Amino acid sequence: MHRWSELFIPTLREAPADAEVASHKFLVRSGYIRQLMAGVYSFLFLGNRSFRKIETIVREEMDKIGQEFFLPALHPLSLWEASSRWPLMGDNLFRLKDRKGTDLALGMTEEEVMTDIARKELRSYKQLPQIWYQIAPKFRDEPRPRSGLLRVRQFMMKDSYSFDIDGAGLEVSYRKHYDAYCRIFDRCGLKYMVVDADSGAMGGKESHEFMVRTPAGEDQIVSCDGCNYAANMEKAASKLEVVEDLWPEGDGKPLEVHTPGQKTIEDVAKFLGVSPKNKIKTLALMADEKNAKTGKTKSRAIVVLMRGDHQLNEAKLNAAVAVATRPMEEPEIEALFNSPAGYLGPVGIGWAKDLKQDVDHPVLLVDKALEGRTNLIAGANKKDYHLKNLTPGKDFQPTMYADLRSVTAGEACPNCGKALRIDTAVEIGHIFKLGYRYSESMGARVLDKNGKEVMPIMGCYGIGIERILTAAIEQSNDNDGFWLPASIAPFEIVVTPTNVKDETVFNAALDVARNLESAGFDVILDDRDERPGVKFKDADLVGIPFRVTVGKKVTEGTVEVVLRSTREMRDVTITAVVNYFQGALRAKA
RNA sequence: CGGGGCGUAGCGCAGCCUGGUAGCGCACCUGCCUUGGGCGCAGGGGGUCGUAGGUUCAAAUCCUAUCGCCCCGACCA
């Protein structure tokens with residue numbers, strides 16, 4: 001029996017000043033965690049209890065589809081240098097040296113180690129499929145840890161890796177994970193959604209993210225209440241309404257118009273009496289690429305054209321050009337356009353014909369929303385002038401068209417046409433179809449039925465354990481604290497005698513707690529010699545979903561059961577308490 | 001890495017501008033009191049003022065450097 005008076009549960013009346021989001025404030029106030037340094041936290045008693053319960057759920061569900069391993073956090077740096085991902089991970093990888101001076105790294109993900117095992121051990125299609133997983137610490141030297149446990153430098157991740165003989169097999173492994181993840185998050189009591197995602201630095205094709213909507217999150221997700229469409233911003237699309245193009249003016253050729261002092265899209269549109277939808281927004285960017293051999297940095301201009309009222313999505317841009325970009329500086333703008341900012345446009349510049357082949361010319365990327373449009377208006381590359389009658393493909397030649405636009409809330413769902421919504425969310429899980437990337441680069445091969453050497457196809461799958469706890473708190477809190485689903489709460493029930501010096505009351509509380517415990521419930525008895533208010537406040541704070549208050553009514557044989565989430569309160573006879581919780585807690589589990 | 005903010009007792013803060021005794025609330029300890037929502041009274045313990053250097057008779061306070069933490073951005077399976 002856990003007695004509060006004997007435990008270390010350092011609750012605080014006030015949150016630390018540097019905590020901003022609810023989960024961070026409450027995790028500290030409730031004595032779950034304490035900070036050691038930026039992005040690194042210690043878990044105390046209550047926090048660890050909740051953490052272990054989450055891990056147990058993850059482990060139980062993963063054991064149904066795979067096998068648990070335990071891989072080292074300490075890696076030889078050479079493993080990472082061998083990987084083609086090394087440049088991508090960069091400074092996020094923690095590095096250190098051993099006494100002999102050998103370079104080591106702390107593991108931030110384990111594709112390389114898992115694939116290393118696979119290439120050494122897997123020989124035959126008969127050994128496939130395999131799903132290997134672990135629940136282990138990961139280390140990432142984040143440039144900016146934040147929001148308590150939301151983005152940290154050391155965290156616990158369930159990561160798994162599948163090896164299959166072919167795409168159909170991968171499909172099965174992927175689906176198994178998808179289903180297992182749903183079971184895990186369901187059991188953890190999270191309201192989550194699954195979104196189409198970009199595979200980013202992981203490589204590979206298909207990918208889904210498991211997201212929980214909360215303003216504390218760092219990701220933007222687009223979803224539709226009318227159907228099940230959901231995607232993250234990097235991937236989201238929408239149906240655009242048809243825009244009426246302008247009529248050509250004059251002979252239909254590019255026509256210079258005087259627009260003195262009119263620099264912004266809004267200004268120019270108003271000045272010329274047209275909609276921003278008929279304007280071209282010209283974004284001047286630079287990509288700095290370091291040559292691996294010479295170490296020299298070469299810059300290449302990347303100019304992006306968007307519809308006047310549209311916003312560039314940088315993730316889509318990155319995906320399109322595969323390099324990082326930055327805004328051009330004033331001299332660079334002058335050098336390329338021969339014009340001050342505010343009057344930039346695509347006409348009169350020799351654009352690259354191909355992104356990869358034609359590296360000596362600047363790149364002109366045009367958003368798909370402008371494809372097929374006519375008689376648009378853009379800057380004339382001349383101070384105080386714009387050009388009318390511009391038609392892409394005719395008056396200027398794009399290097400390529402690409403989807404570069406950020407979806408905005410209210411646009412039409414690509415599936416059903418209803419208005420899309422955009423929410424911030426936190427990512428709790430992510431699954432990827434990796435394909436052959438690691439099998440190929442690291443040389444994993446097995447023999448197929450015909451004795452032919454083939455590469456196993458891989459998938460990788462991750463769940464952030466801290467984030468399950470964080471998301472659960474973010475979705476269930478009020479001014480006084482938070483409440484966790486019973487499955488992941490440090491205790492299911494707190495038994496609170498209002499006065500421990502009153503023997504009748506205290507003994508009744510002890511009995512109730514013992515009975516609940518022997519019936520299999522996870523109970524803590526708040527036997528502290530404190531005033532009831534203090535104990536109620538603490539009980540409200542620390543995330544326990546049920547409270548049994550044992551007070552004066554014991555003389556009538558009843559106690560109160562309080563549901564933390566709604567504060568709904570009901571009298572239950574002492575003899576019926578166990579029975580009550582068997583209904584309330586075990587029935588749905 | 002760019003921009004901003006903050007480091008004074010476990011937590012929240014004042015004091016700094018205008019240099020001279022380090023202070024408040026909560027928490028903690030002792031006693032009394034109280035016992036259904038952080039109760040009351042009395043007494044008490046605890047701080048190299050992030051660190052280093054400088055200016056000064058004298059530095060929490062002024063100057064310089066540095067470290068740390070937080071927020072916005074960049075970045076981020």
Side-chain angles (χ1 to χ4, degrees), chain A residues 8 10-21 24-25 28-29 31 34-40 85 88-93 107-112 138 140-148 150-153 155 157-161 197-204 207-210 217-219 232 234 314-315 318 324-327 426-434 437-438 458-464 467 479-481 496-502 505-506 526 528-541 547 549-554 559-560 562 567 569:
Chain A
F8 182 61
T11 58
L12 302 175
R13 288 192 184 212
E14 286 172 289
D18 51 20
E20 298 263 322
V21 302
H24 186 194
K25 286 180 185 167
V28 175
R29 280 193 58 199
R34 287 293 184 265
Q35 185 178 41
L36 183 61
M37 55 178 155
V40 180
R85 270 199 306 180
L88 280 168
M89 299 310 185
D91 289 340
N92 268 25
L93 189 69
M108 57 193 295
T109 171
E110 306 276 346
E111 280 79 10
E112 282 80 0
K138 297 288 176 289
R140 294 181 187 183
D141 195 359
E142 294 286 347
R144 184 147 98 81
R146 77 183 93 183
S147 304
L150 221 48
R151 178 162 292 278
V152 286
R153 298 196 293 170
F155 60 100
M157 181 161 88
K158 186 291 297 173
D159 50 318
S160 48
Y161 308 85
D198 191 64
S199 43
M202 297 302 301
S207 163
H208 287 92
E209 288 173 343
F210 292 75
E218 303 181 272
D219 297 308
N232 68 16
E234 292 85 66
E314 289 182 42
N318 282 345
T325 54
R326 60 169 173 82
V426 58
E427 176 186 348
I428 52 175
H430 202 158
I431 57 179
F432 295 90
K433 287 182 185 170
L434 278 179
R437 176 172 182 163
Y438 297 91
M458 290 177 62
C460 77
Y461 318 87
I463 289 179
R467 287 194 174 174
N479 287 336
D480 292 322
T496 309
T498 54
N499 182 355
V500 295
K501 289 194 174 136
D502 181 328
V505 167
F506 184 69
D526 190 352
R528 292 175 299 168
D529 182 14
E530 291 284 356
R531 293 173 59 84
V534 173
K535 299 209 262 192
F536 292 157
K537 284 287 184 190
D538 273 345
D540 285 348
L541 177 62
R547 185 176 87 210
T549 309
V550 182
K552 293 207 177 95
K553 280 183 259 179
V554 288
V559 294
E560 275 169 14
V562 183
R567 301 199 188 265
M569 196 184 290

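What you see is a predicted model; the values in this text were computed from it and never measured. Values below: all heavy atoms of this structure, side chains included; hydrogens, waters and symmetry mates excluded. Letters A, B, ... mirror the listed sequences (proteins, then strands); counts begin at 1.
- We find that CD of A/Glu234 is positioned 13 Å from C1' of B/rC75, with the value rounded to whole Å.
- For B/rA27 and B/rU21, the C1' atoms lie 26 Å apart once the distance is rounded to whole Å.
- Nucleotides B/rG50 and B/rU34, compared at atom P, are 44 Å apart to the nearest Å.
- In this structure, the nucleotide among B/rG73, B/rC11, B/rC75 sitting nearest to the side chain of A/Pro143 is B/rC75.
- B/rU48 and B/rA59 have their C1' atoms separated by 14 Å, with the value rounded to a whole Å.
- Proximity note for A/Asn499 (side chain, C-beta onward) versus B/rC69, B/rC71, B/rU35: the nearest is B/rU35.
- A/Met108 comes within 4.0 angstrom of a base, heavy atoms only.
- Contacts of A/Asp219 classified as salt bridge (Lys or Arg N to Asp or Glu O under 4.0 Å), with partners at least two apart in sequence or in another chain: none.
- A/Asp538 meets the salt bridge (Lys or Arg N to Asp or Glu O under 4.0 Å) test with A/Arg528; sequence neighbours excluded.
- Residues satisfying the side chain to side chain contact (heavy atoms under 4.5 Å, CB included) criterion with A/Val152, sequence neighbours excluded, are A/Tyr41, A/Leu149, A/Phe155.
- Between the A/Lys535 side chain and the A/Asp526 main chain, a donor and an acceptor come within less than 3.5 Å of each other.
- Across all strands shown, nothing is found opposite B/rA60 as a Watson-Crick or G-U wobble partner with both distances under 3.5 Å.
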Expected rows: protein N/O vs nucleotides 36-42 of chain B N/O, under 3.5 Å:
residue : atom : partner  : partner atom : Å
B/rG36  : OP2  : A/Lys552 : NZ           : 3.2
B/rG36  : N1   : A/Glu560 : OE1          : 3.1
B/rG36  : N1   : A/Glu560 : OE2          : 3.3
B/rG36  : N2   : A/Glu560 : OE1          : 2.6
B/rG36  : N2   : A/Glu560 : OE2          : 3.4
B/rG37  : O6   : A/Arg547 : NH2          : 3.0
B/rG37  : N1   : A/Asp540 : OD2          : 3.0
B/rG37  : N2   : A/Asp540 : OD2          : 2.2
B/rG38  : O2'  : A/Arg13  : NH1          : 2.5
B/rG38  : O2'  : A/Arg13  : NH2          : 2.8
B/rG38  : O6   : A/Arg29  : NH2          : 3.1
B/rG38  : N2   : A/Asp538 : OD1          : 3.4
B/rC39  : O4'  : A/Arg531 : NE           : 3.4
B/rC39  : N1   : A/Arg531 : NE           : 3.4

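- Across all strands shown, B/rG68 is found opposite B/rC6 as a Watson-Crick or G-U wobble partner, with both distances under 3.5 Å.
- Each of A/Lys158 and A/Ala19 lies near RNA chain B, and the nucleotide nearest A/Ala19 is the one positioned closer to the 5' end.
- Phosphate proximity of B/rG68 to A/Gln35: absent, as no side-chain N or O sits under 4.0 Å from OP1 or OP2.
- Looking at the side chain of A/Asp529, the nearest of the listed nucleotides B/rG12, B/rC71, B/rU35 is B/rU35.
- Enclosure of atom CG in A/Asp480 by more than 12 non-hydrogen atoms of other residues, nucleotides or ligands within 6.0 angstrom is indicated.
- Among residues two or more places apart in sequence or in another chain, the side chain to side chain donor-acceptor pair (under 3.5 Å) test is passed with A/Thr549 by A/Arg547.
- For A/Glu14, taking side-chain heavy atoms from C-beta onward, the closest of the listed nucleotides B/rA74, B/rG25, B/rC70 is B/rG25.
- Among the atoms of the strands shown, only primed sugar atoms or phosphate atoms (P, OP1, OP2) are found under 4.0 Å from some heavy atom of A/Ala15.
- Using a 4.0 Å heavy-atom cutoff across all strands shown, A/Lys501 reaches at least one base atom of the nucleic acid.
- As judged by a 4.0 angstrom heavy-atom cut-off over every strand, A/Pro497 is placed among residues making no nucleic acid contact.
- Shown here, B/rU48 forms no base pair; nothing in the strands shown gives a Watson-Crick or G-U wobble contact with both key distances under 3.5 Å.
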side-chain contact (heavy atoms from CB on, under 4.5 Å) assessment of A/Asn499 paired with A/Lys552: CA-CA 9 Å; A/Asn499 182 355; A/Lys552 293 207 177 95; over 6 Å; no

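- Under the salt bridge (Lys or Arg N to Asp or Glu O under 4.0 Å) criterion, A/Arg467 pairs with A/Glu218, sequence neighbours left out.
- Using Watson-Crick or G-U wobble geometry with both donor-acceptor distances under 3.5 Å, B/rU34 finds no partner in any strand shown.
- Here B/rG25 sits opposite B/rC11 as a Watson-Crick or G-U wobble pair (both hydrogen-bonding atom distances under 3.5 Å).
- As judged by a 4.0 angstrom heavy-atom cut-off over every strand, A/Ser147 is placed among residues touching the sugar-phosphate backbone only.
- Counting only heavy atoms from C-beta on, A/Arg151 has its side chain closest to B/rC76 among B/rC76, B/rC11, B/rC71.
- B/rU66 sits 34 Å from B/rC28 when the C1' atoms are compared, rounded to a whole Å.
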